[in-house]
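Along the sequence shown, residues carry numbers from 1. Every number for a ligand or one of its atoms is a count from 1 in the order of the listing.
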Amino acid sequence: MYLRPLEMKIAVFSSKKYDRRFLDAANRDAGYELNYFETRLTEATAVLADGHPAVAAFVNDILDAAVLKRLYHGGTRVVALRSAGFNHVDLKAAAELGMTVTRVPAYSPHGVAEHTVALIMALNRRIHRAYNRVREGNFSLEGLVGFTLHNRTVGIIGTGKIGTAVAGILAGFGCRLLAHDVAPNDTCRQHGARYVTLPELLSASDIITLHCPLTPETRHLIDGDAVSSMKDGVMLINTSRGALIETSAVVRALKNGRIGHLGLDVYEEESDLFFENLSDEIIQDDVFMRLLTFPNVLITGHQAFLTEEALQAIAATTLDNITAFAGGRRTGNELHPEEVVR
Ligand code: NAD
């Protein structure tokens, strides 16, 4: 059953002011009825999508079998992810229901890469600490000693669009680049990266940055064993997906000094925290709160994607994906069950 675009009502979950701004602009020509819900999509909130053939969802929306089934019974036939990552969707369940799931495979990978490098730079030169000190009239430099990036070895795990963009930036800094990927690419080699095994990358890198997707194989890729094979004082950066890291192992390594710096834009249990203002609440996640106590940990709340260019591209591609579905056309942005174990 295909629908004419004008019949297409879209329920937009987890929508913030910045999403509305860019989706409204992209919708000027398309003319869909966009109904914005600030709440996350869960089994309890799925009812809001009743009567909407299309749902636009984000990274912390729940799209397991139960939610998909509920959406299907409410009339939804296409779920358009406003993200590249799709680890939160039960694609098998969607296929069984005959629902189409689309994503935005690329939207300014350079923006995510630049945020990754911002975390590296800020942690290394203690910008987060210096900012607070200077505001309080404390001009002491004790504890602010960094290192020169030039000639340091950076290990990039996952050299797709974002990992390759990171390689390009760090090549400009004069870093030595090691890379690990199940599918190496020549652009990354042209930036000077040398592909090595995961154990070699882990043991030889001063900085390790994660850019592979979250899959059953990469879940807890960085566990206690991986951490114990890293250089003492290593800097670990994750702007990909939280569960690539076993957080409890990393907390232990921060406590005994094996990890010298940790920069995160994502966190395993972020769905209960990120994208909301919880400043008046008592946060119950003790592991997350422990992370915040370390002076050498810098966390941002899943904002690496947040540039004007990316929001524009996300909005345009999301609506294009829905238009293609409505017209019975394929864009290549449709997800298939086998991609779960890709
Ligand atoms: P991509 O598909 O272009 O690249 C991913 C790379 O990882 C591919 O080259 C793939 O071969 C490799 N890979 C897959 N399994 C691997 C494994 N087991 N070991 C090593 N490498 C493996 O994706 P991308 O656009 O570069 O995005 C990477 C990830 O970044 C996404 O999966 C997403 O989770 C995350 N992301 C985060 C944000 C953010 O705001 N923090 C924004 C966009 C994307």
- Report, in ascending order of atom number, the atoms of ligand 1 lying under 4.0 Å from any heavy atom of His302. 39 (C), 40 (O), 41 (N)

- Query: Is the shortest N/O to N/O distance between Asp181 and ligand 1 below 3.5 Å?
  - Reply: yes

- Near Val112, which atoms of ligand 1 are under 4.0 Å from a heavy atom of that residue? 42 (C), 43 (C)

- Message: Give the atom numbers and elements of ligand 1 that come within less than 4.0 Å of a heavy atom of Gly158.
- Response: 7 (O), 21 (N)

- Does Arg40 CZ have over 12 foreign heavy atoms under 6.0 Å away? yes

- Message: Taking the cut-offs as 6.0 angstrom to the six-membered ring centre and 45 degrees off its axis, would you call Arg290 and Phe294 a cation-pi pair?
- Response: yes

- Under a single-linkage rule joining Ile, Leu, Val, Met, Phe, Trp and Tyr whose side-chain heavy atoms are separated by less than 4.5 Å, which residues share a cluster with Phe139? Val134

- Using distance alone, decide if ligand 1 has a nitrogen or oxygen within less than 3.5 Å of any nitrogen or oxygen in Phe305. yes

- Option with minimal heavy-atom separation from atom 17 (C) of ligand 1, where the choices are Thr218, Leu201, Val104, Thr164: Thr218

- Query: How close do Ala226 and Leu202 get, heavy atom to heavy atom, and via which atoms?
  - Reply: CB-CD1, 3.9 Å

- Query: Any idea which heavy atoms bring Gly224 and Glu246 closest together, and the distance?
  - Reply: N-OE1, 3.7 Å

- Pull out every atom of ligand 1 sitting under 4.0 Å from any heavy atom of Thr239, numbered as shown with elements. 37 (C), 38 (C), 39 (C), 41 (N)

- Item | Contact check: Tyr107 vs ligand 1, nitrogen or oxygen atoms, below 3.5 angstrom | no

- Item | Closest non-hydrogen atom pair between Thr318 and Ile314, with its separation | OG1-O, 2.6 Å

- Message: Need the ligand 1 atom indices (1-based, order shown) with element for anything under 4.0 Å from a heavy-atom of Ala304.
- Response: 39 (C), 40 (O), 41 (N)

- Message: Going by the closest heavy atom to atom 30 (O) of ligand 1, which one wins out of Gly163, Gly160, Ser240, Ala179?
- Response: Ser240

- Query: Which other residues end up in the same hydrophobic cluster as Val266, if Ile, Leu, Val, Met, Phe, Trp and Tyr are linked when side-chain heavy atoms come under 4.5 Å apart?
  - Reply: none

- Query: Below 4.0 Å from any atom of ligand 1, is there a heavy atom belonging to Asp265?
  - Reply: yes

- Query: With only distance considered, is Glu217 within less than 3.5 Å of ligand 1 through an N or O on each side?
  - Reply: no

- Message: Only heavy atoms of Arg241, strictly under 4.0 Å: list the atoms of ligand 1 that pass.
- Response: 33 (C), 34 (O), 35 (C), 36 (N), 37 (C)

- Task: Record the part of Leu306 in heavy-atom contact with ligand 1 below 4.0 Å; permitted values are side chain, backbone, both and neither.
- Result: neither

- Query: For the ring pair (Phe, Tyr, Trp, His ring centres under 6.0 Å) test, which of Tyr36, Phe58, Phe37 pairs with Phe13?
  - Reply: Phe37

- Query: Is it true that Phe275 and His302 have ring centroids separated by less than 6.0 Å?
  - Reply: yes

